[in-house]
Amino acid sequence: MNKTFSKTWQHSEIESELYQKWESAGYFKPEINFDGKPFVIAIPPPNVTGKLHIGHAMFATLEDLMIRYHRLLGDAALWIPGTDHAGIATQTVVDKALQKKGIRKNEIGREKFVQEVWEWKDEYGGKITEQLRALGASCDWNRERFTLDGGLSNAVREAFTHLYNKDLIYRGEYIVNWCPKCGTAIADDEVEHQEQKAKLYYFKYDKNFPITIATTRPETKLGDTAVAVNPGDDRYRELVGKEFDIEIDGVKRKIKIIANRAIDSKFGTGAVGVTPSHSMIDWKMAEDHGLEKIKVIDEHGRMAESVGEYAGMKVLEAREKLVKFLKKEDLLEKVQEIDNNLSVCYRCGGAIEPLPSLQWFVKMKPLAEKAKEAVKSGEIKIIPKRFEKVYFHWLDNIRDWCISRQLWWGHRIPVWYKGEEIHVGKEAPSGEGWKQDEDVLDTWFSSALWPFSTLGWPDEKAADYKKFYPTTVMETGYDILFFWVARMIMMGLELTGEAPFETVYLHGLVRDEQNRKMSKSLGNVLDPLDIIAKYGTDALRIGLVVGSTPGQDIAVGESKIKGFRNFTNKIWNASRFVSLRVTGGDLQSGELGESKIGDLKIDEKLLTDADKKIIEEHKETVKSVTENINKFKFSFAGEKLYEYFWHSFCDRYIEESKEQLEADNLELAANTKKILIKILSETLVMLHPYAPFVTEAVWQELKVFTPELSESIIISRWPE
RNA sequence: GGCCGCUUGGCUCAGUUGGUUAGAGCGCCUCGUUCACAUCGAGGAGGCCACUGGUUCGAGUCCAGUAGCGGCCACCA
């Protein structure tokens with residue numbers, strides 16, 4: 001380290017240097033406290049193609065804070081890093097990049113395309129993990145995992161086979177959310193709803209039909225097989241049970257009038273055309289009433305073969321043509337503008353077409369029951385607690401999870417077919433003529449295994465699995481409670497027989513200074529790397545933690561970060577002053593003196609009132625900070641430290657100590673030096689999880705004249 | 001439609017199990033540079049803690065209700 005203290009904390013010069021020293025010294029490995037109690041966090045794996053954003057900075061800060069704290073307590077702290085292959089997202093990115101080069105994936109074929117994605121991954125995949133290092137994340141990089149690497153792929157096949165053998169996975173033709181743009185089925189929670197104005201058309205199928213129906217999607221009516229009304233609706237009571245032959249623009253159908261309680265008699269005409277193949281609710285009605293299901297829209301978002309001259313038309317073209325026909329035939333009674341929700345794909349934003357398709361599903365009910373119980377019994381604790389209610393509600397209303405995706409990038413479904421035969425297993429069956437399922441699994445399937453697949457499961461004898469599973473804390477954003485957290489709990493309980501973690505800590509989303517969502521179009525996006533360059537990692541970290549409570553969104557702007565940059569400088573400068581005075585150095589040049597601190601044993605008899613007061617306050621601070629971190633109150637603990645360090649230690653005690661240091665009583669002066677160093681060094685340890693870099697930089701200076709201090713602050717001990 | 005959160009000084013937010021004159025940061029005002037830090041120090045102005053009612057010796061904190069804002073889930077065919 002330097003022999004001199006500069007006047008301000010020069011973060012950019014030293015942060016990466018410190019990080020490299022830590023990493024190469026092996027301080028991030030749990031082995032440095034191997035006999036300690038395990039404290040384990042599995043990182044929420046960022047998309048492999050991702051670029052660091054403020055959300056990553058949020059989780060990395062909170063998780064690193066916990067990991068560093070527990071490491072200081074002497075626990076075997078392990079933070080497992082890794083990245084996610086992110087099926088659709090990555091495939092789309094690479095596909096677009098290839099298209100720019102004039103390469104079409106359907107021309108080069110599956111094998112070549114997947115190879116291209118791997119090359120892309122090798123080139124860009126390391127970026128995000130490098131960026132996590134800039135945040136000070138003390139992950140054990142030797143244990144880094146990728147959801148598509150060998151071990152994890154094996155875990156995926158094992159899990160699939162296990163669930164299939166227990167009848168918890170099945171294949172079937174059901175209505176699914178189909179994204180024509182992505183060309184794949186997606187899960188229920190991957191569908192978003194967008195409010196929009198829509199036209200509600202009132203019309204009859206043909207002149208002979210007795211009931212007027214209302215719909216926003218006339219073209220789907222070509223696939224109707226029933227009209228549903230509320231059983232209590234007097235207008236239609238006598239028609240229920242009757243069947244009519246109809247013909248719409250050349251398409252012939254049989255329509256049965258059915259009664260169903262789901263129908264709101266006040267909406268539209270109180271009569272709904274039932275389209276089993278293209279509406280989730282109608283599909284269910286069709287099952288209940290034994291209706292025929294006719295598919296009129298295909299996977300490309302075009303009208304299917306079954307609709308005569310409409311076949312091959314795009315959905316919107318078909319709508320226009322049909323409306324024109326209805327007008328001409330005088331069947332259209334009116335058109336009303338209403339507010340409607342459009343279902344869109346959360347990935348590409350394209351409109352979702354519900355349609356029947358042959359897919360693989362996970363049977364969720366039995367898994368959900370166990371997952372509910374684990375939280376209800378307190379085996380898993382969710383912070384903040386109110387999210388337990390959201391969690392229960394989701395599990396209570398869960399539907400089977402569609403896990404097959406019509407993509408190329410991902411875990412290929414471990415199922416092989418040969419004629420009528422089917423083989424499900426980790427390996428291809430021997431013998432000729434077997435063909436593997438073309439589809440891959442939903443990205444979240446492998447994510448659901450993350451806390452144990454990263455530790456060696458299914459090998460239950462793996463050393464890491466034995467030592468570090470179950471993990472301790474799952475820290476992530478509340479926005480992926482369903483996508484990820486709930487599914488990890490379900491899979492953990494089913495596959496390992498244990499809850500995968502003890503505590504779920506959900507952080508809020510980062511918003512801008514005016515509390516607006518960060519978005520590129522608003523131009524209010526904070527780039528963590530810019531902030532780090534400008535104000536230092538420590539300032540960013542404190543800014544993200546202090547003033548934020550779990551589950552609550554947080555407003556972060558430059559002025560806040562700037563305030564904490566001043567705080568990191570205060571840490572630097574107070575330490576500079578103490579070091580120079582204690583060693584008899586030169587306050588002007590910042591050059592340290594020769595005096596050393598032999599030991600930190602304080603002579604109680606020499607304590608002045610000022611000494612007693614700061615020592616008392618220090619004790620209280622240690623107690624309060626420890627308690628609050630243990631209770632996951634990181635913001636409150638951080639504020640305490642800030643207040644105590646700046647206003648009690650710096651503004652008051654350092655000022656008071658100046659007189660004592662210059663006193664004629666040399667013993668008093670010597671004692672004061674010890675108190676300064678002891679309190680400063682212990683406070684630095686407490687600040688270290690929040691501000692790892694400046695505290696270490698200072699520590700290295702203190703160490704020069706205080707041999708009692710450990711080699712690095714990372715491996716020192718939390719004060720008692 | 002169901003559920004949840006927020007509403008505290010100009011702005012962004014804390015406020016731990018209800019307890020003395022309600023806090024912080026930023027902003028603002030006054031003063032200060034004799035040598036840790038102007039990325040600083042000393043001091044100050046500024047709040048009927050959304051509203052109404054209740055419980056209590058005592059409520060920002062608990063209960064009921066109202067209003068505004070935000071979110072999640074379901075969904076209107």
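Letters go in sequence order (proteins before strands), and every chain restarts at 1.
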Notebook entry, point to check: If you round to the nearest 0.5 Å, how far is CD1 of A:Ile654 from CG of A:Leu680?
Noted result: 7.5 Å
Notebook entry, point to check: So what does A:Tyr642 touch, heavy atoms closer than 4.0 Å: a base, only the sugar-phosphate, or nothing?
Noted result: sugar-phosphate
Notebook entry, point to check: Pairing of RNA chain B as dot-bracket, 5' to 3': ( ) intra-strand, [ ] crossing, | other strand, . unpaired, with Watson-Crick or G-U pairs under 3.5 Å?
Noted result: (((((((..((((.....[...)))).(((((.......))))).....(((((..]....))))))))))))....
Note to self: Counting only side-chain nitrogens and oxygens, does A:Thr549 get under 4.0 Å of the OP1 or OP2 atom of B:A14?
What the structure shows: yes
Check: Applying the side-chain hydrogen bond (donor to acceptor under 3.5 Å, both in side chains) test to A:Lys658, which of A:Glu662, A:Glu656, A:Glu655 qualifies?
Finding: A:Glu655
Margin query: Please evaluate residues A:His11 and A:Phe693 with respect to the criterion side-chain contact (heavy atoms from CB on, under 4.5 Å), reporting the C-alpha separation (whole Å), side-chain torsions for both, the decisive distance (0.1 Å), and the verdict.
Written below: CA-CA 8 Å; A:His11 57 84; A:Phe693 290 110; over 6 Å; no
Next item on the list: Please round to the nearest 0.5 Å and tell me the distance separating atom CZ of A:Arg565 and atom CG of A:Asp538.
Entry: 12.5 Å
Next item on the list: For B:A50 and B:C13, measure between their P atoms and round to the nearest Å.
Entry: 15 Å
Check: Base, sugar-phosphate, or nothing for A:Gly547, non-hydrogen atoms under 4.0 angstrom?
Finding: sugar-phosphate
Notebook entry, point to check: Starting at the 5' end of RNA chain B, which residue's closest nucleotide do you reach first, A:Gly551 or A:Glu655?
Noted result: A:Gly551
Check: How far, in whole Å, is B:C35 from B:C40 if one measures between their C1' atoms?
Finding: 14 Å
Notebook entry, point to check: Looking only at side-chain N and O atoms, does A:Lys658 come under 4.0 Å of OP1 or OP2 in B:A36?
Noted result: yes
Item checked: Shortest side-chain distance from A:Arg386, nucleotide among B:A14, B:G5, B:C37 -> B:G5
Check: Can you check whether A:Trp646 has a side-chain N or O nearer than 4.0 Å to OP1 or OP2 of B:G41?
Finding: yes
Notebook entry, point to check: Looking only at atom C1', what distance separates B:U56 and B:C63, rounded to whole Å?
Noted result: 12 Å
Notebook entry, point to check: Measuring from A:Ile480:CD1 to A:Met488:CE, what's the distance to the nearest 0.5 Å?
Noted result: 7.0 Å
Checklist line | Nearest-angstrom distance, P atom, B:G23 to B:G47 | finding: 14 Å
Checklist line | Pairwise P distance, B:C62 and B:G19 [rounded to whole Å] | finding: 11 Å
Notebook entry, point to check: How long is the gap from CZ on A:Arg511 to CD1 on A:Ile554, to the nearest 0.5 Å?
Noted result: 12.0 Å
Next item on the list: Would you indicate what A:Lys631 reaches in the nucleic acid, counting non-hydrogen atoms under 4.0 angstrom: base, sugar-phosphate, or nothing?
Entry: sugar-phosphate
Margin query: Applying the salt bridge (Lys or Arg N to Asp or Glu O under 4.0 Å) criterion to A:Asp396, which one of A:Lys372, A:Lys389, A:Lys376 satisfies it?
Written below: A:Lys372
Next item on the list: Give me the one residue out of A:Tyr535, A:Trp646, A:Tyr642 that meets ring-ring contact (aromatic ring centres under 6.0 Å, His included) with A:Phe564.
Entry: A:Tyr642
Margin query: Using OP1 and OP2 only, check whether a side-chain N or O of A:Asn566 sits under 4.0 Å from B:C40.
Written below: yes
Check: When only distance counts, do a donor and an acceptor, one from the side chain of A:Gln552 and one from the base of B:A14, lie under 3.5 Å apart?
Finding: no
Margin query: Would you say A:Trp394 and A:Asp189 are linked by a side-chain donor-acceptor pair, where the criterion is simply a distance under 3.5 Å?
Written below: no
Next item on the list: Determine the interplanar angle of the A:Trp444 and A:Trp484 rings, folded into 0 to 90°, and report it as parallel if under 30°, tilted if 30 to 60°, perpendicular if over 60°.
Entry: tilted
Next item on the list: Determine the Euclidean distance between corresponding P atoms of B:C75 and B:G2; express it in Å to zero decimal places.
Entry: 16 Å
Next item on the list: Between protein and nucleotides 68-77 of chain B, map the contacts as a letter string: B base, S sugar-phosphate only, - none, heavy atoms under 4.0 Å, written 5' to 3'.
Entry: -----SBBBB
Next item on the list: With the side chain of A:Ala555 defined as its heavy atoms from C-beta on, choose the nearest nucleotide among B:A36, B:C13, B:U16.
Entry: B:C13
Check: Does OP1 or OP2 of B:C37 have a side-chain N or O of A:Lys7 closer than 4.0 Å?
Finding: yes
Check: Are A:Tyr69 and A:Phe634 close enough that their ring centers fall under 6.0 Å?
Finding: no
Next item on the list: Can you tell me, in whole Å, how much space there is between the P of B:U17 and that of B:C3?
Entry: 26 Å
Margin query: Measuring to OP1 and OP2 of B:U12, would you say a side-chain N or O of A:Lys560 lies under 4.0 angstrom away?
Written below: no
Notebook entry, point to check: Can you tell me how far C1' in B:C48 sits from the matching atom in B:A22, rounded to whole Å?
Noted result: 13 Å
